[in-house]
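Encoded as structure tokens, the structure appears first; notes follow it.
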Amino acid sequence: MFKANENYLKLPGSYLFSTVAKKQREYSAAHPDKKIIRLSIGDVTQPLAPAIIERLHSAVDEMAVAETFKGYAPDLGYEFLRNTIVKNDYIDHGVDISADEIFVSDGAKSDSANIQEIFAPESKIAVCDPVYPVYVDSNVMAGRTGTYDKETGLWSDVIYMPCLEENGFAPEFPKEEPDIIYLCFPNNPTGATISKAQLQEWVDYANKIGAVIVYDAAYEAYISEDDVPHSIYECEGARTCAIELRSFSKNAGFTGTRLGFTVVPKDLKDANGVALHGLWARRHGTKFNGAPYIVQAAGEAVYSEEGKAQTKAQIAYYMNNAKVIYDGLKAAGYSVSGGVNAPYIWLKTPDKMTSWEFFDYLLANANVVGTPGSGFGPSGEGYFRLTAFGTYENTVEAIERIKAL
Ligand SMILES: *Cc1c(COP(=O)(O)O)cnc(C)c1O
């Protein structure tokens with residue numbers, strides 16, 4: 001009789017968003033007259049920008065004509081897109097990355113989950129706490145995380161780097177040496193960033209101990225401050241220790257259209273001199289058959305003059321919401337962070353409420369839904385995430401209600 005992969009059975013089940021949705025549904029059913037505002041949205045809400053839609057249409061038309069029809073895409077992605085990415089995201093910023101180091105994909109979630117495959121099974125991972133759950137869960141599936149402690153919510157073989165108010169929500173070097181370090185800045189869920197100098201310290205640390213950094217830069221387009229790096233390759237020495245994940249989801253609204261890329265520099269080699277570039281190329285070639293041509297064409301349009309202006313305006317809209325939330329909560333006496341370089345606002349729950357107690361309180365008294373910080377890791381307990389992806393009108397109304405509590 002066949003057996004299921006036991007590693008999957010160890011996963012503690014992701015009740016976070018389903019519990020949020022369930023509680024919201026139950027409240028709505030009991031109070032049909034109340035208008036609930038969701039500041040829990042982890043997805044863009046504005047439609048794709050006109051320049052992107054236009055290119056999608058024309059690319060569809062190309063697929064209808066024998067001469068311009070496209071079948072399988074090249075393994076690494078179309079050259080037109082990789083060249084455009086390299087020019088706009090790297091070369092124009094003085095960063096040394098070449099087009100053949102870019103691997104186009106269907107998004108950063110799958111890449112962030114799959115990248116662990118090219119590392120030895122016994123590799124030790126270090127993650128920020130709280131964190132985007134994909135990093136830990138994908139390593140659980142790979143059998144790399146030891147045993148789960150229900151009480152603490154921690155895995156025995158994972159190195160956790162608590163990100164709390166005390167350390168400005170920035171991780172500190174762990175006591176135990178990791179092999180793989182997951183960093184995500186601007187951060188989901190805390191909205192925190194680290195400066196270029198701080199990231200440089202991580203790059204130096206990784207090079208010194210022979211670790212690799214998996215750098216998730218899905219929110220780089222939301223950065224507004226000058227000393228916050230958009231790419232880890234802005235740091236000296238990152239080519240020998242870092243993999244970077246990028247996504248078109250949050251910067252251009254591709255959450256439903258699917259496009260991302262991963263950068264694996266050719267200088268990144270393991271203890272035996274094995275280049276990870278070749279391994280990821282092999283993995284990509286075997287397990288992935290390319291993002292759709294029409295989507296890659298639309299991705300190129302993100303970098304056109306119109307595309308840049310239009311997506312910038314969308315991000316400005318979300319970031320204006322972020323400011324409304326941040327300023328409003330601050331004025332109401334909350335301890336708040338994030339929201340300056342990220343669409344996420346991270347607040348400390350008042351009166352020592354747990355994250356879920358504050359969730360219930362906010363739902364019942366302000367009819368506002370957010371996301372409990374404890375759902376992102378044990379160190380998220382006592383914190384709460386609000387997002388800027390709603391409409392301006394709803395955001396303003398939600399904050400007015402919270403202020404009136
Ligand atoms: C939204 C998000 C992504 C992007 O995922 P896609 O698969 O590209 O849509 C990646 N990392 C983090 C931390 C995110 O919040």
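Whatever order the structure lists ligands and atoms in, that order sets their numbers, starting from 1. Small disclaimer: the values here were computed from a predicted structure and weren't measured.
Looking at every heavy atom in both residues, V264 comes nearest to L268 through CG1-CD2, 4.4 Å.
Exactly one of L245, I243, D111 qualifies for a side-chain contact (heavy atoms from CB on, under 4.5 Å) with D216. That residue is L245. Partner of Y318 under the ring-ring contact (aromatic ring centres under 6.0 Å, His included) criterion, out of Y344, F389, Y219: F389 alone.
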Check against salt bridge (charged side-chain N to carboxylate O under 4.0 Å, His left out), E6 and K10 | CA-CA 7 Å; E6 286 188 5; K10 294 182 196 162; over 6 Å; no
Walk me through it: do Y90 and H230 pass the test ring pair (Phe, Tyr, Trp, His ring centres under 6.0 Å)?
-> CA-CA 9 Å; Y90 298 106; H230 289 251; over 10 Å; no
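Ring geometry for H284 versus W280: interplanar angle of 30 to 60°, hence tilted.
Contact shell of ligand 1 (protein heavy atoms, cutoff 4.0 Å): G107, A108, K109, Y132, Y135, C184, N188, D216, A218, Y219, S247, S249, K250, R258.
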